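Reading through the structure tokens given below for one structure.
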Amino acid sequence: MQKPVIVIKLGTAVITNEEGVISHTIIKKVASEVAELFHTHRVVLVSSGAVGSGKVFIQNYKGSITERKAAAAVGNPLLIQLYQKQFSKFDIPVAQALCERHHFSNRFQFVQLKETFEAFWQNGILPIVNENDLVSNVELKFSDNDELATLIAVGFDAETLVICTSVGGFMDDAKNIIPRVEKIDNKVLGYVQTSKSSLGLGGMTSKLTFTRLATSLGIQVIICGLKGSTPFADALAGKNGTTFVSQESNLKARQKWLASGSITLGTLSVDKGAVRALQQRRSLLTVGVTNVQGKFAAGEVVQIKDEEESIIGVAKVKLDAGAIRDGISQKNVLAAHADDIVIF
Ligand SMILES: N[C@@H](CCC(=O)OP(=O)(O)O)C(=O)O
């Protein structure tokens with residue numbers, strides 16, 4: 001049997017020390033624990049910190065998108081060098097995987113990425129992932145590495161996604177870390193803090209959004225800090241941070257890839273009749289579409305919204321945006337086949 005996949009995401013703040021620089025001590029601790037986990041798991045490390053490592057080289061750094069790109073390009077090799085140095089002590093070579101959105105939105109490219117990662121694991125190589133910030137434009141970039149880590153966890157059908165953050169876990173109103181969340185309901189959503197760490201991009205809202213997606217697709221998610229000598233082992237034993245229990249999911253790999261599509265390029269609003277048909281696993285016809293937003297081509301992934309504007313699912317469409325618009329409410333043309341639709 002194949003070893004389970006575990007995706008570990010490290011935010012900038014959690015690997016940065018009080019002086020604002022990436023901490024060698026923390027990377028050393030991460031390496032020694034990940035080296036242990038690597039015996040029993042196929043591990044993917046998703047590490048932020050490129051911008052944090054490189055920004056000192058950009059004069060009068062203000063954090064514009066171009067400065068961030070430049071800082072990341074300088075910082076990424078420095079960051080990977082730190083990991084390379086620490087993992088070499090455990091004879092683990094590291095591979096740098098700089099990802100872009102289309103590596104996930106295009107199934108053909110995603111399958112190639114998957115094959116390459118399998119080759120890494122077969123050769124005892126640890127993939128360390130970050131966004132390819134150099135060419136990530138404002139509209140195209142991942143909302144943050146929490147999203148990137150989630151897309152990887154979903155795409156690889158991971159058992160566990162560990163999101164490491166400087167706040168150490170998911171807190172209730174009294175600022176106590178909740179050890180275990182069975183289901184993300186309205187009460188849990190009410191605890192969300194919108195503040196973001198000054199060093200990172202993603203706040204707790206973004207973490208919870210992606211946690212909800214991952215758990216609904218059958219992945220256990222742990223939001224935790226790096227306190228103690230064995231934070232990952234403690235997290236997996238339910239003794240560090242918050243464990244979000246995975247929900248039952250019987251979607252196939254391809255449907256999971258579809259469902260992970262925050263990579264959607266447009267929205268189809270549908271009427272009540274269409275919602276009923278979709279819930280009965282039927283195809284989407286243009287007659288049930290009430291509105292089309294965005295520009296997308298045939299074969300791309302869009303969100304589906306009901307009359308209350310709630311996102312009810314995603315679909316890989318058979319027609320481009322214009323053709324669906326032409327068919328709205330009149331023609332009975334296939335907009336998306338049942339096999340290409342996932343209703344949440
Ligand atoms: N790609 C960027 C990280 C962006 C990001 O998501 O940061 P964080 O919120 O600290 O996980 C970098 O390496 O600096």
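Remember, predicted model here, so these are calculated numbers, not experimental data. Both counts, for ligands and for their atoms, begin at 1 and track the order of listing.
- Close contacts between ligand 1 and Val51 involve ligand atoms 12 (C), 13 (O), 14 (O) [criterion: under 4.0 Å to a heavy atom].
- Salt bridge absent: Glu67 and Lys55 never bring a charged side-chain N and a carboxylate O closer than 4.0 Å.
- Between Phe117 and Trp121, the ring planes are perpendicular. Angles over 60° get that label, and only those under 30° would be called parallel.
- Each of the following atoms of ligand 1 lies closer than 4.0 Å to a heavy atom of Ser48: 3 (C), 5 (C), 6 (O), 7 (O), 8 (P), 10 (O), 11 (O), 13 (O).
- Counting atoms of ligand 1 from 1 in the listed order, those under 4.0 Å from a heavy atom of Asn130 are 1 (N), 2 (C), 12 (C), 13 (O).
- Contacts with ligand 1 closer than 4.0 Å are made by side-chain heavy atoms of Asp133 only, the backbone lying farther away.
- Here's the thing with Glu131: none of its N/O atoms is less than 3.5 angstrom from an N/O atom of ligand 1.
- Between Phe90 and Phe87, a ring centre-to-centre spacing not shorter than 6.0 Å is recorded.
- None of Val292, Thr286, Val314 except one satisfies the side chain to side chain contact (heavy atoms under 4.5 Å, CB included) rule with Leu268; the exception is Val292.
- Geometrically, ligand 1 and Ala50 share a nitrogen or oxygen pair separated by less than 3.5 Å.
- Within the 4.5 Å cutoff, the side chain of Thr211 has no heavy atoms near those of the Phe170 side chain.
- Atoms of ligand 1 found under 4.0 Å from any heavy atom of Lys9, numbered from 1 in the order shown, are 8 (P), 11 (O).
- Close approach of ligand 1 to Gly11 is summarised as follows: ligand atoms under 4.0 Å from at least one heavy atom of the residue are 10 (O), 11 (O).
- Using a 4.0 Å cut-off between charged side-chain N and carboxylate O, Asp133 and Lys69 make no salt bridge.
- For the 3.5 Å distance criterion, the side chains of Asp271 and Thr290 fail to qualify, holding no donor opposite an acceptor.
- Checked against a 3.5 angstrom limit, the closest N/O atoms of Gly49 and ligand 1 fall inside it.
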